[in-house]
Asks: 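The structure is given below, and queries will be raised subsequently.
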Amino acid sequence: VSGSSDSTTVVLDNESSTTDTDVTGIDIQNVETVNIVSSGYAGTDQTSASKTNTINDFAGDATTINITGDTALDLDLNIDSASSGAAGSRSVTVDASGSTGAVDIVTDASAGTGSVSYTITGTANADIINNTAATNASTLTSGAGNDTITGGTKNDTIDLSGGGANTLNVTSGTDTVTLGSGVDTI
């Protein structure tokens, strides 16, 4: 695969509506946009492993990841650093706003040359976005649900204005936070 606008779709869909799909790892190289469809066990409860589709290690070169479907998704992002560029120069956008299932997204550490910075948007359900290991500034946006958001070690931009009773965990760095109409806990 070559070019600058390649895309692929990963479908997590067990043939039984009472079984989730778990994948140990996926590594997609030289593709800029990855669409993940999480289906098969319709529901929004990402706290129940038996009802949540899982990708334990999602690696590769993707700069755009779109998440859709009706089943909760547990996604561990381990995107490759670029071969050149400043720290944080590989910008990765993750958009789960099209999913009717909740997400639990964790970012792995990425430091040094061409390392990764994230822009992550959650769903309208109770999401978990954990950016603790991130070593570059990120933008994290909750949806309408009761979300738990954890920032990274740099100066993150965190938007909780989607509503819900959100929990925000902050670490080092000077973060910019937009609160919503719900009862938010920082």
Side-chain angles (χ1 to χ4, degrees), residues 25-28 32-34 36 44 46-47 52 54-67 72-99 101-186:
I26 295 176
D27 187 348
I28 299 175
E32 293 77 24
T33 301
V34 176
I36 300 173
T44 61
Q46 89 288 6
T47 62
T52 302
T54 300
I55 301 175
N56 280 331
D57 185 16
F58 186 84
D61 296 332
T63 54
T64 302
I65 300 169
N66 299 307
I67 301 169
L73 175 66
D74 181 347
L75 177 64
D76 183 354
L77 293 171
N78 188 16
I79 300 299
D80 300 344
S81 294
S83 60
S84 63
S89 63
R90 172 161 280 169
S91 298
V92 176
T93 299
V94 181
D95 185 357
S97 63
S99 176
V103 294
D104 182 345
I105 297 173
V106 176
T107 61
D108 287 348
S110 176
T113 302
S115 58
V116 178
S117 64
Y118 289 97
T119 298
I120 301 173
T121 302
T123 73
N125 300 297
D127 299 320
I128 299 170
I129 299 174
N130 185 342
N131 202 43
T132 303
T135 54
N136 298 300
S138 295
T139 300
L140 310 173
T141 303
S142 70
N146 299 332
D147 302 314
T148 300
I149 309 288
T150 303
T153 60
K154 295 295 183 185
N155 302 337
D156 297 320
T157 301
I158 301 168
D159 184 349
L160 304 176
S161 64
N166 301 300
T167 299
L168 173 61
N169 303 302
V170 292
T171 59
S172 59
T174 304
D175 298 331
T176 302
V177 178
T178 302
L179 300 175
S181 60
V183 178
D184 297 323
T185 302
I186 299 177

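Values below: every heavy atom of this structure, side chains too, minus hydrogens, waters and symmetry copies.
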Asks: Can you name the closest pair of heavy atoms from I79 and V116 and give their distance?
Replies: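 Looks like O-CG2, 3.6 Å.
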
Asks: Between the side chains of S115 and N136, is a donor N or O closer than 3.5 angstrom to an acceptor N or O?
Replies: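 Judged by distance alone, the side chains do pair up.
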
Asks: Any heavy-atom pair between the side chains of T150 and I129 that's under 4.5 Å?
Replies: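 The answer is no; the side chains never approach within 4.5 Å.
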
Asks: If the threshold is 4.0 Å, N to carboxylate O, is there a salt bridge linking D61 and R90?
Replies: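 Between R90 and D61 there is a salt bridge, with a charged N closer than 4.0 Å to a carboxylate O.
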
Asks: Less than 4.5 Å apart, any side-chain heavy atom of L160 and any of I158?
Replies: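 The answer is yes; the side chains approach within 4.5 Å.
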
Asks: Using a 4.5 Å cut-off on heavy atoms from C-beta on, say whether the side chain of V103 contacts that of I128.
Replies: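 In short, these two side chains do not touch, never coming nearer than 4.5 Å.
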
Asks: Quick check: closest heavy atoms across G163 and S181, and the distance to 0.1 Å?
Replies: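 What the structure gives for the nearest pair is CA-OG, 4.3 Å.
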
Asks: Work out which heavy atom in S89 is nearest to a heavy atom in S84; give both atom names and the distance.
Replies: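 Shortest heavy-atom separation between S89 and S84 comes out as OG-O, 3.8 Å.
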
Asks: Ignoring hydrogens and angles, tell me if any N or O in the side chain of T54 forms a donor-acceptor pair with the backbone of N56 under 3.5 Å.
Replies: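 No, T54 side chain to N56 backbone: no donor-acceptor pair under 3.5 Å.
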
Asks: Looking at T123 and D127, what are the two nearest heavy atoms and their distance?
Replies: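 For T123 and D127, the tightest heavy-atom pair comes out as N-OD2, 2.5 Å.
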
Asks: Please list, chain by chain and in numerical order, all residues satisfying side chain to side chain contact (heavy atoms under 4.5 Å, CB included) with L77, sequence neighbours excluded.
Replies: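 Listed in chain order: F58, I65, L75, V94, I105, T107, Y118.
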
Asks: In chain order, what residues pass the side-chain hydrogen bond (donor to acceptor under 3.5 Å, both in side chains) check against T52, with sequence neighbours excluded?
Replies: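 Expected list: none.
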
Asks: So, for S142 and I149, which heavy atoms are closest and what is the spacing to 0.1 Å?
Replies: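 It is CB-CD1, 4.2 Å.
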
Asks: Minimum heavy-atom separation for D147 and N125, please, with both atom names.
Replies: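 Answer, listing the atom of D147 first, then N125: OD1-O, 2.8 Å.
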
